[in-house]
Amino acid sequence: MLLADEVATHHPVLSDNPYQPHMARIVRIYKMVENNHLFTLRFLEDRLAHSFRHLPGQFIMLSVPGVGEMPISISSSPSRPEVLELCVRRVGRVTNALYRLKTNDVVGVRGPYGNGYPMQEIMGNDILLAAGGLGMAPLRSLLWYALDHRDRFNNITLMYGAKRPEDMLFREELTALVDRTDINCLLTVDADPGGTWKNHVGLLPTLFDHAKIDPLHSYAAVCGPPVVYKFILQRLLDLGFPKNHILMSLERRMKCGVGKCGHCSIGYKYTCLQGPIFTYWDAINLPEMI
Amino acid sequence: MGKPTVGIFGLTGCAGDQLVILNCEDQLLDLVALIDIRDFLMASSENRTDCPLDVALVEGAVLTNRDAERLRAIRQRSNLLVALGTCAVWGGVAALDRGADRSQLLEEVYGEAGHGYDSSHAQALREIVRVDLNITGCPIEKEHFLAAIAALLNGDTPVYPSYPVCTECRMQENNCLLMERGLPCCGPVTAAGCGARCPDLRVPCIGCRGPMADANPVSLLEVLEQKGFDRRQAAARLRTFAPEGVA
Amino acid sequence: MSVIVIEHLARVEGHGGITVELEGDAVTNVRFDVFEGSRLLEPLVRGKRYDEVPPILSRICAICSAAHTLTSLKATEAAFGIRVSPQTELLRELLFRGESIESHALHLFLLAIPDYLNYPGAVALAADKPAAVLLGLRLKKLGNRIQETIGGRAVHPVNALVGGFGKVPALDQLIELRSGLLQAAADADAAIDLMASLPAADFCHSETVYAALRSPHLDSYYLGDEVMVVTDGNRAIVPASDYASLTNEKAVPHSHAKHSSFRGSPFMVGSLARLTVNPRRLTGKLAVAMKRLKLSLPADNPMDNNKAQALELINDVERALEIIEQLLRDGIKDERPMPVQPRAGTGTAITEAPRGLLIHSYQYDADGCVVAADVITPTALNAASMELHFRRGVEQCAEREEAVITKRLQMIARAYDPCISCSVHLVRR
Amino acid sequence: MKILKLPKEKLDLFASVVQQFGELHAPVEQDGKFVFRRLTRWSDARLEYDRTLLPPKKYFLPPRETMFRYRPGEGFLPNTEGLDQRLILFGVHACDVYALNILDRVFAGKFPDPYYQARRKNIGIIGIDCTPDKHCFCRSMRADFVDHGFDLFFYDTGDYYQVLVGTALGDDMVLATGSVFEPEEAADIDDYKRRSWNKRRSFQLDVEIRDLPEIFEMEYQSEIWDDLGGRCLSCGSCSMVCPTCYCYDVVDDVELGSRGGNRTRAWDSCLFANHALVASGENFRGPRASRIKFRFYHKQRGFVAEYGRPSCVGCGRCITACPVSIDVVQVIDRLRRVQDVASR
Ligand SMILES: Cc1cc2nc3c(=O)[nH]c(=O)nc-3n(C[C@H](O)[C@H](O)[C@H](O)COP(=O)(O)OP(=O)(O)OC[C@H]3O[C@@H](n4cnc5c(N)ncnc54)[C@H](O)[C@@H]3O)c2cc1C
Ligand code: SF4
Ligand code: SF4
Ligand code: SF4
């Protein structure tokens, strides 16, 4: 419990005003998939660019000046600092405004926020990353973190599904992983009308047939739309995964990112403080969690 | 990009929303420097009635075939159509005619001549064409209009409050007219944005901004009934400015 | 036969047009067409409680919304036998003045003056003569500030209630208005200079009958219950209760507005009529200004209505100042509206809206619900007179060129400052 | 803690001295209700009031507040206007001081809110004891007494106020008034205890909050919520007037003709339909019933898990503000009710 006048020991990296956005330049806009662009940002201030550190699974609050602010997961790995990569889907006002910006325009960034994945706990174990659709955005950070520190993890398995090949985020990057031996990279599409897809075709859960899983020594990081949770979680439980080895990244409305504005509250937890990464055990014990 | 082309139109109404635009005395000259007003019959006699428009601002309800035809023509030539004011958004006071026999009312008033008039029951714009943005209010708030133009110039759309007048009234720390004085206040079901103008002046809200999206009029009516109001009359009061959305 | 049609009358409020039919040089038919839809507000307020009536009927017209509201209150108070406090009367008059300043400034600077100087509108005028437009905007803003302070909103006031006001303005608000009005006095003078500098609009002469409220103070828009009609120096009085004899309305097929005549002849209401009916107020500053504008009364040129509006700007600013001084002197009291005890009966009120006589008449049942409502607006009263002057304008136009005729017709129409959504009103007989 | 007493007739003198420490605000009457407002005359202050329409929260987390101004090329400039203004709130009830102590926790933590904190530092609080009315249940919520969070706290014990000195600022105010404060004597302590006893007995409401979190969990599917959901107007009045509701919304706007603008935050409420709505269209608390359940749940259960106590302080404001008479005490009673056991 915190005392009222307790001076915060852990200041956000960026400043004393946790709401202060710091200006960052859009250095690259990569059109991965229609309406799912990858934005690469670099802080205008070199000091910030050098010192910004985050954990996989954390997010930032991204401001498009004059329009608004929103939470966006950091898709780049902390092992590759200096720039931030954000995979943003165009859905509403602020995301639309972001899509109107061009390379060299500036946006505001503050963070990182959220708990991130419990890396200390995961290390030394197998990791199973399971994502559908946009769920790859937060998992990509974890993926590259693990690959860049390969010796700290046992087996790494990625299961990622998209509707069609052209909907697959980070497609080039991920297909390049398929042939690597230090990761079991399983990619699937629901359908392949063009007939060019060289990987799996079928729904995401079918990938379990191709994965070797040792539930008691594994952590599973799952992210995606509700259907993904529905099917993947059931399979993991059937396999005998401990409930607190299943890690989910939850989405809630957010206005502050720092546990004040109240919007992301679930029962008695704040998604922005105690989340967005929750264990499955937390999930079933919190009302209206998923 | 050049200046966006804009048309300002009035269908059947009181011209209050167009007047609010002209009432932006401090911003008017900046405004005409930022946007290219091509068609504004109320303010200019040289209008381009056929050119394409980036934005059409349309006030008033549809009450005649002529209104409907004009509206369709405006929609055709405009990229973005903005409904201006409660009449355009909800039908406004003209829509008090829902359920009334129009031809009988016309005859009552104009006698035989009334039958010849081009006259139909009041409709909101979205009942005829697609509407891209609704700015409600009877009349609209100046600030909302200016915010809309500023946002549109920025390629964006404005955000207006989605809670009721009641919320603003509480923020202003007014004495509640409904609870303290038993007055028939429509604040709990009316879309905020006016700063609770009326209750702030100790005058019960009559709902001139139309209903808020999440209104619960049935519950409010029950309260009004408990306070001694006739249910039918109270329901009619909640419907003064908008025929739908409210009980 | 040839026909001149002005399809959309621009720079007026509402939708109307003009049609003139000519047989050779002779004008055979003149029509002021109204295309505004009928909102049937009068029959639709039937059954509404008295407190719902003013906000609904004020929606007849935004530009005269304060006048509609106050006239409605006056009619209801007459029906219920309510007498409001002197402070309420002062505040109401102040609200009227605010509306008049706003409306006249809007009409003169943004709608009418561009005609005289051959501009299509105020935006174009502002590009060349920004000072003139800024002057108008300043006055207009002041009028709106008065309405916001007293009425709670510039358009469709919410604060004026049966029996009084929801909340009276605070002292510092009045003081602020006073300083604005002191500034405005100079602006109103400048408006006269500007009007005096305009080219003469001398193309329509006609015998004209004028009608305006006879007020006890000679220049009130609000107090008074009789209309005086002036014809060639003859004066007739019509009491409020007999307003039907004044209007003699008849529905005409080309328009949703009814046409009025008094003893068979059309009459004009508005600023010019007010000055003509109450000439005694034309003293001091006003008399000097009148000379500068070369205006003599009774006028035989409807275009002189614009001059009369400019004169009223001076008068409105002066009177508004007087009222505020008096309120400050007496101290503004936090009065609540008079208690309202509805009773069955009829109440009729006549006031002077910016565009002229406005009549509201209601019949109530014992619960204070409307049995019948009748609203007669200035533009409806003016319609017949406008048609008469259109006819004279065409007859007196030596050049038979359509462009010239069209321009003159529009100027005549605009001189009346017609408010077409206002004119769409319905009467139950 | 330093405890003194002030003869009542010296209160005016004290008030005039306090003004040197900051702009004086106190409850004043507004058509029979009370609001905290800047005093133009000390005689306007009403220290014997029931409750103010809005709690003192409005001074620390204003209904609307510009957080940043945005200027192209300059970025987001924090708006510090008014943050260093010194105010003294005179006459804050214990429950409201308690509520501020709760807000302190929310606005401190890992990411302290500098706007709130600055105001908390610059606004002095002089508390005053009160007499409960029929809507007060602060005793049940353990908020009828506060031991910190104020600079001075006044207890009316007849001819005197007994004054608790809570901070150095409070002590400075006492010293600046000169010798009018007197030391306490044994008899005064008895006066205090008598008053305390009387106050305790005058509560008309009593709510049992032990094991309430558990009961909330058990009754999560109760039909009570649907009933409340049917009545609730989503007007947010309860949240606006609540001294511990702190949800806010943030919006950016642009100024006409420039790319600059403001970022403003404004009070929000979990009763509003879009409170938990996300861009995908999913609404985690769509139905009104689930929203009103959340409000009670978060205050009475969620906060206990987070901070060790409910956030409700029992001030009774939401009871007096709800147009459809949704009453937290009755709701808790209903939740606790068993067929054959009287509640409470
Ligand atoms: C922890 C977290 C990480 C996220 N990571 C990503 C990501 O990597 N890529 C991505 O494309 N999207 C991500 N989202 C979702 C993203 O925040 C929303 O899509 C975005 O806020 C929509 O904003 P908008 O203004 O375009 O939509 P609108 O519907 O116009 O939303 C208006 C405002 O509502 C709030 N809001 C709406 N939807 C959401 C939402 N889903 N979550 C939180 N606040 C919301 C925001 O404050 C937003 O500005 C994440 C959400 C959370 C909570
Ligand atoms: S007066 Fe009306 S708007 Fe204000 S709180 Fe009461 S019901 Fe709500
Ligand atoms: S309080 Fe109600 S009636 Fe008054 S302006 Fe606002 S919405 Fe309209
Ligand atoms: S005050 Fe009452 S009606 Fe309004 S939101 Fe709260 S519980 Fe619902």
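From a predicted model like this one, the values you see are computed outputs, not experimental measurements. Residue numbers begin at 1 in each chain, while the letters A, B, ... track the order of the sequences.
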> Could you state the interatomic distance from CD (Q20(A)) to CG (L77(D)), rounded to the nearest 0.5 Å?
Replying inline: 7.5 Å
>> Contact between E282(D) and E251(A) at the side-chain level, heavy atoms closer than 4.5 Å - yes or no?
In response: no
>> Tell me every residue that passes side-chain contact (heavy atoms from CB on, under 4.5 Å) with P65(A), counting only those two or more places apart in sequence or in another chain.
In response: M23(A), Y70(D), F76(D)
> Is it the backbone or the side chain of V258(A) that comes under 4.5 Å from a heavy atom of chain D, or both, or neither?
Replying inline: both
>> For the CG atom of N17(A) and the CD atom of Q117(D), what is their distance to the nearest 0.5 Å?
In response: 11.5 Å
>> Using heavy-atom distances under 4.5 Å, tell me whether V94(A) contacts chain D through its side chain, its backbone, both, or neither.
In response: neither
> Relative to chain D, which segment of S63(A) carries a heavy atom at a distance below 4.5 Å: side chain, backbone, both, or neither?
Replying inline: both
>> Using a 3.5 Å distance criterion without hydrogens, assess whether the side chain of K260(A) forms a donor-acceptor pair with backbone atoms of F111(D).
In response: yes
> Do other residues, nucleotides or ligands put more than 12 heavy atoms under 6.0 Å from E214(D) CD?
Replying inline: yes
> Do we get R253(A) above F284(D)'s six-membered ring, with its NZ or CZ under 6.0 Å from the centre and within 45° of the axis?
Replying inline: no
> Should the pair H263(A) and H275(D) be assigned to parallel (<30°), tilted (30 to 60°) or perpendicular (>60°) ring geometry?
Replying inline: parallel
> Any chance NZ of K243(A) has more than 12 other-residue heavy atoms, nucleotides or ligands included, within less than 6.0 Å?
Replying inline: no
> For L273(A), is it the side chain, the backbone, both, or neither that has a heavy atom closer than 4.5 Å to a heavy atom of chain D?
Replying inline: side chain
